[in-house]
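Here is the structure we will look at, set down as structure tokens.
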Amino acid sequence: MQGVGIGCDHAGFRLKGAILRALARLGFEALDFGIYRALRTDYPRIAHALAQEVSRGKLHRGILVCGTGIGMSIVANKFRGVRAAEVWNPASAHLAAEHNHANVLCFSGRLLRPGQVAPILKAWLRTPYGKGRHRRRVRQIQAIERRLCRRG
Ligand code: RB5
């Protein structure tokens, strides 16, 4: 089993349940960073906790869910080595894996329905990182990070 970190705020709580079920069906173990009850929560705290583990190399992949997916992705992308992509459908998840080597996916809990998540996760988890120009571009991102970012 491979581990995938997952975290949400109150606006992502319902969709997180659907993601947890889909991950289990796909054979992935979920490491849950909360929240565990749908109580109003500030998303930066959850994104920070998960993205830090990815940045430190303790977690290979993560998923974050808030109302729009935007706040979570803004926070996660502050961390060196984190490539967080907000995705809306299998095509954007496929491209996030192939082109951007995205190691964190962000979802909108308010604008996606639970039934939409399984094909999106499948596309992300099963698509290999592309070669050639995609690797060159990700290496350019890494060079920027080396100059500008410290590890979280
Ligand atoms: C919470 O109301 C909402 O602002 C949050 O879940 C998220 O959408 C922020 O980007």
Side-chain angles (χ1 to χ4, degrees), residues 2-24 26 28-125 127 129 134 137-138 140-152:
Q2 301 174 56
V4 179
I6 183 161
C8 68
D9 69 358
H10 54 286
F13 186 76
R14 193 167 87 100
L15 201 73
K16 187 179 81 166
I19 295 170
L20 285 171
R21 291 189 292 278
L23 284 173
L26 291 167
F28 285 81
E29 183 192 4
L31 302 148
D32 197 341
F33 285 73
I35 52 175
Y36 309 105
R37 294 167 60 202
L39 298 176
R40 190 164 290 278
T41 303
D42 295 337
Y43 61 84
R45 178 174 67 79
I46 301 292
H48 180 161
L50 184 147
Q52 186 166 264
E53 293 302 286
V54 175
S55 182
R56 291 177 175 172
K58 297 194 175 143
L59 198 58
H60 192 52
R61 287 190 176 106
I63 296 170
L64 292 166
V65 196
C66 63
T68 58
I70 295 170
M72 289 291 199
S73 64
I74 290 172
V75 178
N77 278 315
K78 303 283 180 219
F79 289 79
R80 182 169 162 180
V82 171
R83 292 175 300 280
E86 175 157 22
V87 294
W88 294 98
N89 48 40
S92 54
H94 173 96
L95 293 169
E98 186 182 70
H99 290 206
N100 313 112
H101 199 22
N103 49 13
V104 173
L105 278 203
C106 300
F107 287 89
S108 166
R110 290 198 172 122
L111 303 173
L112 283 178
R113 292 184 305 280
Q116 292 178 276
V117 299
I120 297 175
L121 290 174
K122 253 187 234 169
W124 180 51
L125 294 166
T127 301
Y129 179 25
H134 304 307
R137 290 162 186 164
V138 169
Q140 289 169 4
I141 295 171
Q142 290 164 337
I144 293 168
E145 288 179 330
R146 279 194 296 277
R147 286 203 307 275
L148 301 179
C149 313
R150 287 186 301 161
R151 293 225 173 254

Residues Leu59, Asn103; criterion side-chain contact (heavy atoms from CB on, under 4.5 Å); working and verdict: CA-CA 9 Å; Leu59 198 58; Asn103 49 13; over 6 Å; no
Set out, in order, the CA-CA distance, both residues' side-chain angles and the distance that settles side-chain contact (heavy atoms from CB on, under 4.5 Å) for Phe107 and Ile120, then state yes or no. CA-CA 10 Å; Phe107 287 89; Ile120 297 175; 3.7 Å; yes
For Val54 and His60, what are the C-alpha separation, side-chain angles and deciding distance, and is it a side-chain contact (heavy atoms from CB on, under 4.5 Å)? CA-CA 6 Å; Val54 175; His60 192 52; over 6 Å; no
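Counting only heavy atoms from C-beta outward, the side chains of Leu31 and Val4 never approach each other to under 4.5 Å. Looking only at side-chain heavy atoms (C-beta outward), Ile63 and Val104 stay at 4.5 Å or farther from each other. By the 4.5 Å heavy-atom criterion applied to side chains, Leu112 and Trp88 are counted as neighbours. Residues Glu86 and Ser108 are in side-chain contact: their nearest non-hydrogen atoms beyond the backbone lie under 4.5 Å apart. The shortest side-chain heavy-atom distance between Gln142 and Arg83 falls under the 4.5 Å cut-off. Here the side chains of Val75 and Ile46 are not in contact, with every heavy-atom distance at 4.5 Å or above. A 4.5 Å side-chain heavy-atom check between Leu121 and Phe28 finds every atom pair outside the cut-off. Counting heavy atoms from C-beta outward, Arg21 and Val117 have side chains that stay 4.5 Å or more apart.
Taking CD1 from Ile141 and CG from Asn100, the interatomic distance works out to 6.5 Å, rounded to the nearest 0.5 Å. A distance of 12.0 Å separates CD in Glu145 from CZ in Phe79, rounded to the nearest 0.5 Å. Between the NE2 atom in His10 and the CD1 atom in Ile35 there is a gap of 7.5 Å [rounded to 0.5 Å]. For the atom pair Leu26 CG and Ile19 CD1, the distance stands at 11.5 Å (nearest 0.5 Å).
Counting only residues at least two apart or on different chains, no salt bridge (Lys or Arg N to Asp or Glu O under 4.0 Å) pair has a member in residues 37-49. Pairs of residues two or more places apart, or lying in two chains, that qualify as salt bridge (Lys or Arg N to Asp or Glu O under 4.0 Å) and include a residue from residues 5-20 are Lys16-Asp32. Listed by first and then second residue, the salt bridge (Lys or Arg N to Asp or Glu O under 4.0 Å) pairs that reach into residues 89-115 come to none, sequence neighbours excluded.
Under the side chain to side chain contact (heavy atoms under 4.5 Å, CB included) criterion, Ala97 pairs with Trp124, Thr127, not counting sequence neighbours. Annotation: ring-ring contact (aromatic ring centres under 6.0 Å, His included) contacts of His134 (sequence neighbours excluded): His99. Under the rule for a side chain to side chain donor-acceptor pair (under 3.5 Å), Arg146 has no partner lying at least two apart in sequence or in another chain. The side chain to side chain donor-acceptor pair (under 3.5 Å) search around Ser73 returns none, not counting sequence neighbours. Not counting sequence neighbours, the partners of His101 by the ring-ring contact (aromatic ring centres under 6.0 Å, His included) test are Tyr129. For Ile74, the side chain to side chain contact (heavy atoms under 4.5 Å, CB included) partners are Ile70, Lys78, not counting sequence neighbours. Partners of Ser92 under the side chain to side chain donor-acceptor pair (under 3.5 Å) rule, at least two apart in sequence or in another chain, are Asn89.
Minimum heavy-atom separation, Gly71 to Cys66: N-SG, 3.9 Å. The two residues Phe33 and Ala49 have their closest heavy-atom pair at CE2-O, 3.5 Å. A pairwise comparison of heavy atoms in Ala18 and Pro114 identifies CB-CB, 3.6 Å as the closest pair. Across all non-hydrogen atoms, the minimal contact from Ala96 to Ala85 is CB-CB, 3.9 Å.
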